[in-house]
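Remarks on the structure that follows.
In this chain, residues are counted from 1 in sequence order. Side chains are part of it too, since the values below use all heavy atoms of this structure and drop only hydrogens, waters and symmetry mates. Remember, it's 1-based here, ligands and their atoms both numbered in the order they're listed.
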Amino acid sequence: MTCRIVVLASGNGSLFNALIDARDDELSIEALVTDNPKAGAVAIASRAGIDVRVVDPANFADRSEWDEALTAAIEEFTPVLVVSAGFMLVLGAETLAAFPDRIINTHPALLPAFPGAHAVRDALSAGVAETGSTVHVVDAGVDTGPVIVQEAVDILPDDDESTLHERIKVVERRLLVDVVRRIARHGLAVNDRKVTLP
Ligand code: GAR
């Protein structure tokens, strides 16, 4: 059976593009939902013939109205799985309640180290020898949800934020596509913060 997926993305969309490339009988990308009308991901979706919904916080009176509109935009496509792939805003209570344990996120660090919007810069500033990629289930915190899979990436002596981030994204794209495919085939069970992914 085909797994209906809605992708959330705010930026360039290279992770979104990897999911598009992975489409087949098992994986169907139903829509891109973004907060950012200028996101590169919007152009990628248009080229691929994928529906786009823009839910820009600037157009809403407060966070709760934005949360409600974002939830409605996702629900329109009745997804089995919601994939946050470079979505830079924290999801609200209504969105989380609508898709319990069905929203996953990819983050460019080995969580719980370096959560938040500047994970790559923070890892470089901390002087650690390695960082990496984490795919996790989204909960109400900032990058605090149960971890599905992680992989380390070495930090090289002459790395800057851009070179390091690009190497992490190579790993992220592979891990994300693999996790999404496994969820499409077998589902995802979360018990007591422990994730079971066959
Ligand atoms: C990825 O590294 C993703 O993990 C990160 O944004 C990048 C998106 O890349 N997300 C976060 O930092 C969320 N806190 P892309 O626009 O090339 O797909």
Heavy-atom nearest neighbour in the protein, as seen from [atom], with distance rounded to 0.1 Å:
atom                    : result
atom 16 (O) of ligand 1 : G13 N, 2.9 Å
atom 3 (C) of ligand 1  : E172 OE2, 3.5 Å
atom 8 (C) of ligand 1  : G86 CA, 3.7 Å
atom 7 (C) of ligand 1  : H165 NE2, 3.8 Å
atom 11 (C) of ligand 1 : M88 SD, 3.6 Å

Strictly below 4.0 Å, N to O, side chains only: are [X] and [Y] in salt-bridge contact?
X    : Y    : answer
R181 : D24  : yes
R63  : D67  : no
D21  : R173 : no

| said: With respect to F87, determine whether any N or O atom, backbone or side chain, lies less than 3.5 Å from an N or O atom of ligand 1. | reply: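 F87 vs ligand 1: no N/O contact under 3.5 Å.
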
| task | Examine N12 against ligand 1 and note whether any of their N/O atoms are separated by less than 3.5 Å. | result |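 Between N12 and ligand 1, an N or O pair is found under 3.5 Å apart.
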
| request: Specify the closest pair of heavy atoms between I74 and V33, including all atoms of both residues, with the distance to one decimal. | output: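 For I74 versus V33, the nearest heavy atoms are CG1-CG2, 4.2 Å.
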
| query | Do you know which two heavy atoms are closest between R182 and L197, and how far apart they sit? | reply |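 Where R182 meets L197 most closely, the heavy atoms are NH2-O, 3.4 Å.
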
Mark up the atoms of ligand 1 that fall under 4.0 Å of a heavy atom belonging to [X], in ascending order.
X    : answer
P108 : 2 (O), 4 (O), 5 (C), 11 (C), 12 (O)
K169 : 2 (O), 9 (O), 15 (P), 17 (O)
S14  : 15 (P), 16 (O), 17 (O), 18 (O)
G116 : 14 (N)

| field | Audit row: D160, T163, side chain to side chain donor-acceptor pair (under 3.5 Å) steps and yes/no | value | CA-CA 6 Å; D160 59 23; T163 59; 3.2 Å; yes

| With a 3.5 Å cut-off and no angle check, do the side chains of T2 and S28 form a donor-acceptor pair? |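 There is no such pair between these side chains.
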
| task | Measure up the H107 and H136 rings against each other and bin them: parallel (under 30°), tilted (30 to 60°), perpendicular (over 60°). | result |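 Judged by the thresholds at 30° and 60°, the geometry between H107 and H136 is perpendicular.
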
